[in-house]
Amino acid sequence: MLAVYVAHTNADEPLAGLVVGSLDEPAVPPGWTTVEVRAASLNHHDLWSLRGVGLPADRLPMILGCDAAGVDADGNEVVVHSVVTSDAWRGDETLDPRRSILSERYPGTFAERVAVPRRNLVPKPPELSFAEAACLPTAWLTAYRMLFTRAAVVPGSTVLVQGAGGGVATALIVLGRAAGLRVWATSRSEAKRARALSLGADAVFVPGARLPERVDVVAETVGAATWDHSLKALKPGGTLVISGATSGADPPAGLNRVFFLQLSVVGSTMGTRDELERLLRLCVERDVRPVIESERPLEDARAAFEALAAGDVFGKLVLTR
Ligand SMILES: NC(=O)c1ccc[n+]([C@@H]2O[C@H](COP(=O)([O-])OP(=O)(O)OC[C@H]3O[C@@H](n4cnc5c(N)ncnc54)[C@H](OP(=O)(O)O)[C@@H]3O)[C@@H](O)[C@H]2O)c1
């Protein structure tokens with residue numbers, strides 16, 4: 001079948017090992033089923049995989065892609081929850097120490113078909129297109145859990161979103177707005193700052209800018225490049241919620257500020273199946289839709305990867321069949 005996969009990893013030139021070609025159908029273990037993929041979206045995770053982060057050589061070739069929407073073996077339209085737990089695990093899937101997400105241990109979603117545990121299938125609401133639904137299980141689910149579960153935001157709070165253009169960041173802006181937050185955002189790009197405003201951000205800033213006042217919550221996916229600003233932006237007692245470190249994971253410490261201002265630094269990873277169902281309901285009931293930069297056929301995956309690697313993206317890049 002047609003698939004987009006990592007043939008070999010390269011830390012400096014991630015696209016060097018990217019192949020759009022033919023691979024065997026995925027194995028279907030007991031309790032698993034196959035989904036015909038109609039749409040799948042790129043995540044920064046796919047670039048990490050191409051760099052070899054979390055993907056050792058003995059698992060190659062590995063089909064990329066963490067999230068998908070498609071049609072299951074019974075003809076149902078489904079969204080794929082990407083967090084695969086060990087068989088015996090019960091409860092919050094993100095807390096299973098043996099969890100992985102599709103494309104780490106098991107083949108991912110950038111293919112004609114993907115094998116997934118049956119319990120990872122969630123009905124796709126008819127109101128959402130396949131492309132829209134395919135944006136939700138990684139970037140949007142991560143943003144949902146960051147805001148509502150881990151940072152436990154309340155309406156009327158102010159949240160600062162760092163790096164407005166990203167898949168997770170655009171989701172944070174839209175979901176924050178839908179939940180009655182005051183949303184501020186930073187971006188390196190003037191054009192992306194303008195787009196963040198049109199998406200519903202209440203104010204935008206260049207990274208590191210002095211803010212009109214301190215905020216209740218900072219939502220971080222950028223890491224080293226914005227960490228210092230994030231700590232300085234928080235009110236005493238505020239919360240920094242972090243799910244990624246695109247620019248580097250070794251930030252300057254700022255530890256004095258953490259204890260003196262009694263800040264909380266909270267980690268967040270992906271989301272549960274229940275959270276994905278609630279996110280889908282929120283999208284339907286409040287007419288919230290993912291921000292899609294472009295849709296391309298699976299065959300044209302390389303062009304989408306080039307845009308992602310160049311940071312030349314606002315929202316999500318979707319591959320369709
Ligand atoms: N823990 C989890 O479960 C989880 C889930 C999803 C994502 N993540 C992580 O979160 C991060 C974002 O993911 P994504 O898919 O949203 O990525 P993405 O779409 O590629 O977005 C990355 C964004 O980072 C911003 N950025 C700001 N300063 C940067 C710098 N110095 N260098 C590079 N980027 C910079 C950019 O925003 P501007 O151009 O607007 O400045 C860019 O749009 C990734 O590291 C990813 O691995 C983690």
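For ligands, and for the atoms within them, numbers begin at 1 and follow the listed sequence.
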>> Please identify which of these residues, D67, L136, L319, I292, meets the side-chain contact (heavy atoms from CB on, under 4.5 Å) condition with S41.
In response: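 It is D67; the other options fail the test.
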Starting from [atom], which protein heavy atom do you reach first, and at what distance in Å?
{"atom": "atom 39 (O) of ligand 1", "value": "K192 NZ, 2.8 Å"}
{"atom": "atom 3 (O) of ligand 1", "value": "M270 N, 2.8 Å"}
{"atom": "atom 36 (C) of ligand 1", "value": "R188 NH2, 3.4 Å"}
{"atom": "atom 2 (C) of ligand 1", "value": "S243 O, 3.5 Å"}
{"atom": "atom 5 (C) of ligand 1", "value": "T142 OG1, 3.1 Å"}
{"atom": "atom 24 (O) of ligand 1", "value": "V222 CG2, 4.0 Å"}
{"atom": "atom 16 (O) of ligand 1", "value": "V168 N, 2.8 Å"}
{"atom": "atom 43 (O) of ligand 1", "value": "G166 N, 3.1 Å"}

Short N or O distance, G165 and ligand 1, threshold 3.5 Å exclusive: yes
Next on the checklist: Any nitrogen or oxygen of G167 lying under 3.5 Å from a nitrogen or oxygen in ligand 1? Just yes or no.
Outcome noted: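 Yes, at least one N or O pair falls under 3.5 Å.
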So does [Y] get a backbone contact from the side chain of [X], meaning a donor-acceptor N/O pair under 3.5 Å?
{"X": "E13", "Y": "N10", "result": "no"}
{"X": "S189", "Y": "A191", "result": "yes"}
{"X": "D96", "Y": "W89", "result": "no"}
{"X": "S268", "Y": "S243", "result": "no"}
{"X": "T226", "Y": "H229", "result": "no"}

Numbered atoms and elements of ligand 1 in range of [X], under 4.0 angstrom, heavy atoms:
{"X": "S187", "value": "38 (P), 40 (O), 41 (O)"}
{"X": "S247", "value": "30 (C), 31 (N), 32 (N)"}
{"X": "T246", "value": "11 (C), 12 (C), 33 (C), 34 (N), 44 (C), 45 (O)"}
{"X": "A164", "value": "40 (O)"}
{"X": "W48", "value": "44 (C), 45 (O), 46 (C), 47 (O)"}
{"X": "H44", "value": "13 (O), 14 (P), 15 (O), 17 (O), 18 (P), 20 (O), 44 (C), 46 (C)"}
{"X": "S268", "value": "1 (N)"}
{"X": "A225", "value": "31 (N)"}

Check this for me: does any side-chain nitrogen of one of [X] and [Y] sit under 4.0 Å from a carboxylate oxygen of the other?
{"X": "R321", "Y": "E112", "value": "yes"}
{"X": "R118", "Y": "D72", "value": "no"}
{"X": "R113", "Y": "E25", "value": "yes"}

Under 6.0 Å from the CZ atom of R273, do we count more than 12 heavy atoms belonging to anything else shown?
->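 Above 12, so yes.
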Exercise. Are F110 and Y5 close enough that some pair of their side-chain heavy atoms sits under 4.5 Å apart?
Worked result: no
